[in-house]
Amino acid sequence: MTGITTAPSTPTMEGYAFPQHRLQPTLSDPSKTPLVLVACGSFSPITHMHLRMFEMALDHVRHNLSDKYEVVGGYMSPVSDRYNKAGLASAAHRIRMCELACDQTSDWIMVDPWEAIQSEYQPTAVVLDHIQHEVNDVIGGIAPYPGAPRNEYRKAHVSLLCGSDLLQTMSQPGLWSLPDLDHILSSYGAFVVERSGSAVDTALQQLKEINKDWAANIHVIRQLIANDISSTGVRQILRQGMSVHYLIPACVIQYIREHGLYSDDQGRERRSTSMPPLSRKGVQEHEMNKIEIC
Ligand SMILES: Nc1ncnc2c1ncn2[C@@H]1O[C@H](COP(=O)(O)OP(=O)(O)OP(=O)(O)O)[C@@H](O)[C@H]1O
Ligand SMILES: NC(=O)c1ccc[n+]([C@@H]2O[C@H](COP(=O)(O)O)[C@@H](O)[C@H]2O)c1
């Protein structure tokens with residue numbers, strides 16, 4: 001390894017443009033509803049499993065929901081630095097690592113930096129609203145066939161893509177507001193990849209006890225080959241100076257080396273008492289109350 005490369009500057013709203021270079025502009029089958037998948041998370045660093053979740057969801061739609069949906073795009077939305085989760089690299093680094101990984105390993109997944117560059121924490125419901133607005137109101141939706149007039153464009157259905165650990169948190173008191181949960185699980189729905197240690201059936205049952213109607217909008221994706229990579233595990237291995245080859249994309253490993261990320265001298269994995277605010281309204285209060293334990 002040579003010297004450490006300077007950190008990229010944090011992208012700003014001034015330079016922001018919603019990424020649409022890989023959004024499929026036209027449906028292959030005009031009878032389908034366009035579907036856009038959105039994964040929210042820290043991605044510190046992005047792992048092969050984060051990328052694979054999208055492929056698994058694509059397979060799931062093709063095999064189980066092909067009469068209804070056609071996937072036209074996928075977005076990763078890294079959380080901002082205000083999330084205050086211990087051990088994370090800066091938003092600028094996380095955005096760049098996600099971009100490198102998507103650009104070099106996928107032809108349909110994109111990274112939307114909007115959430116990461118906001119000055120306040122944005123709850124997941126707000127992130128989904130943002131992407132829905134960009135795709136359907138700003139771009140105007142997806143053409144049902146080549147050359148279709150604008151008034152025939154279809155509104156895309158936006159859905160959350162997550163692991164079952166995230167689904168499990170949805171029934172934990174204090175982490176999600178009921179209106180946000182209802183907005184996410186009634187309007188958007190979720191594609192949930194099962195994750196060892198987070199029983200998806202239990203998580204579903206607990207959510208059904210809050211609102212039985214949500215279950216119809218939650219699509220469970222079973223892992224045929226279990227893959228339990230976690231970013232926490234990758235960070236820990238990196239801190240021990242061990243190899244993370246074949247766990248995360250090679251371009252991300254190179255980036256981590258060049259920027260000296262997750263090295264021992266960056267400190268131990270810290271625990272944080274801060275939790276995401278329940279909803280947009282909770283943001284201000286959260287900012288005043290956050291305390292970190294080192
Ligand atoms: N191995 C996995 N199996 C299923 N889902 C996963 C897996 N790894 C990550 N996810 C999902 O990807 C999304 C973003 O993940 P996140 O950035 O929190 O990764 P993570 O590995 O859980 O991170 P950390 O270890 O820092 O908590 C979440 O919905 C999470 O459930
Ligand atoms: N109230 C909410 O909107 C809420 C609550 C908990 C987690 N989340 C999101 O879930 C993701 C969790 O990521 P981590 O597993 O890396 O902490 C983040 O994108 C976070 O913003 C949202």
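Nothing fancy with the numbering, it's 1 onward along the sequence. We count ligands from 1, going down the list as the structure has it; atoms in each ligand are counted the same way. Given the structure is predicted, the values throughout are model-derived calculations rather than measurements.
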Requested in this report: Find all atoms of ligand 2 within a distance of less than 4.0 Å from any non-hydrogen atom belonging to Val79, and give their numbers and elements.
Outcome: 18 (C), 19 (O), 20 (C), 21 (O)
Requested in this report: For residues Tyr75 and Phe18, establish whether the separation of their ring centroids is below 6.0 Å.
Outcome: yes
**Report entry** Short N or O distance, Cys162 and ligand 1, threshold 3.5 Å exclusive
**Finding:** no
**Report entry** Listed partners of Ala92 passing side-chain contact (heavy atoms from CB on, under 4.5 Å), at least two apart
**Finding:** Pro8, Thr10, Pro11, Ser90
Report summary line: Honestly, for Val127 the part within reach of ligand 2 (heavy atoms, under 4.0 Å) is neither
Query - Residue pair Ile221 / Glu194, side-chain heavy-atom distance below 4.5 Å - result: no
Requested in this report: Please determine if Asp180 has a nitrogen or oxygen closer than 3.5 Å to a nitrogen or oxygen of ligand 2.
Outcome: no
Query - Ligand-residue contact atoms, ligand 1 with Arg235, heavy atoms, under 4.0 Å - result: 26 (O)
Query - His60 and Met56, any side-chain heavy atoms less than 4.5 Å apart - result: no
Report task. Run the numbers for me: atoms of ligand 1, each under 4.0 Å from some heavy atom of Lys85, listed by number. Result -> 24 (P), 26 (O), 27 (O)
Query raised in the report: How about Tyr188 and His157: does a side-chain donor come under 3.5 Å of a side-chain acceptor?
Result: no
Query - Backbone or side-chain N or O of Glu194 under 3.5 Å from ligand 1 N or O - result: no
Query - Contact (N/O only, under 3.5 Å) between Trp176 and ligand 2 - result: no
Query raised in the report: Hey, is ligand 2 close enough to Ser42 that some N/O pair sits below 3.5 Å?
Result: yes
**Report entry** Nitrogen or oxygen atoms of Ser164 and ligand 1 under 3.5 Å apart
**Finding:** no
Query raised in the report: Any side-chain donor paired with an acceptor under 3.5 Å for Glu70 and Gln24?
Result: yes
Query raised in the report: Can you tell me if Gln236 and Gln240 form a side-chain donor-acceptor pair at under 3.5 Å?
Result: no
Requested in this report: Identify, by atom number and element, the atoms of ligand 2 in contact range of Pro123, meaning under 4.0 Å from any of its heavy atoms.
Outcome: 3 (O)
Query raised in the report: So between Asp165, Thr232, Leu166, whose heavy atom ends up nearest atom 31 (O) of ligand 1?
Result: Asp165
Requested in this report: Please indicate whether any nitrogen or oxygen in Leu175 is less than 3.5 Å from any nitrogen or oxygen in ligand 2.
Outcome: yes
Query raised in the report: Does any N or O atom in Ser44 lie less than 3.5 angstrom from one in ligand 1, N or O only?
Result: no
Query raised in the report: Relative to the ring of His130, is the ring of Tyr16 parallel (under 30°), tilted (30 to 60°) or perpendicular (over 60°)?
Result: tilted
Query raised in the report: Any N or O of Phe43 that comes nearer than 3.5 Å to an N or O of ligand 1?
Result: yes
Query raised in the report: Does Thr169, backbone or side chain, put an N or O under 3.5 Å from an N or O of ligand 2?
Result: no
Query raised in the report: Taking both backbone and side-chain atoms of Tyr83, is any N or O found less than 3.5 Å from an N or O belonging to ligand 2?
Result: yes
**Report entry** Ser66 side chain reached by Val61 side chain, heavy atoms, under 4.5 Å
**Finding:** no
**Report entry** Under 3.5 Å side-chain donor-acceptor pair for Ser196 and Asp228
**Finding:** yes
**Report entry** Note: Glu99-Arg96 ion pair, threshold 4.0 Å (strictly below)
**Finding:** yes
Report summary line: Honestly, for Ile229 the part within reach of ligand 1 (heavy atoms, under 4.0 Å) is backbone
Query raised in the report: Do the ring planes of Tyr121 and Tyr83 sit parallel (below 30°), tilted (30 to 60°) or perpendicular (above 60°)?
Result: parallel
Query - Element-labelled atoms of ligand 1 that are located less than 4.0 Å from some non-hydrogen atom of Cys40 - result: 13 (C), 14 (C)
Query raised in the report: Hey, which atoms in ligand 2 end up nearer than 4.0 Å to a heavy atom of Tyr121?
Result: 2 (C), 3 (O), 4 (C), 8 (N), 9 (C), 20 (C), 21 (O), 22 (C)
Which atom pairs, donor and acceptor, lie under 3.5 Å between side-chain atoms of residues 199-208 and protein residues at least two apart or in another chain?
| from | atom 1 | to | atom 2 | distance (Å) |
| --- | --- | --- | --- | --- |
| Asp201 | OD1 | Arg222 | NH2 | 3.1 |
| Gln206 | OE1 | Ser171 | OG | 3.2 |

Query raised in the report: Do Leu161 and ligand 1 have an N or O pair less than 3.5 Å apart?
Result: no
Query raised in the report: Backbone, side chain, both or neither: what part of Thr47 comes under 4.0 angstrom of ligand 1, heavy atoms only?
Result: neither
Report summary line: Between the CD atom in Gln168 and the SG atom in Cys162, the distance rounded to the nearest 0.5 Å is 11.0 Å
**Report entry** Selection from Arg94, Arg195, Met49 by shortest heavy-atom distance to atom 10 (N) of ligand 1
**Finding:** Arg195
**Report entry** Ser230: numbered ligand 1 atoms lying under 4.0 Å from its heavy atoms
**Finding:** 21 (O), 25 (O)
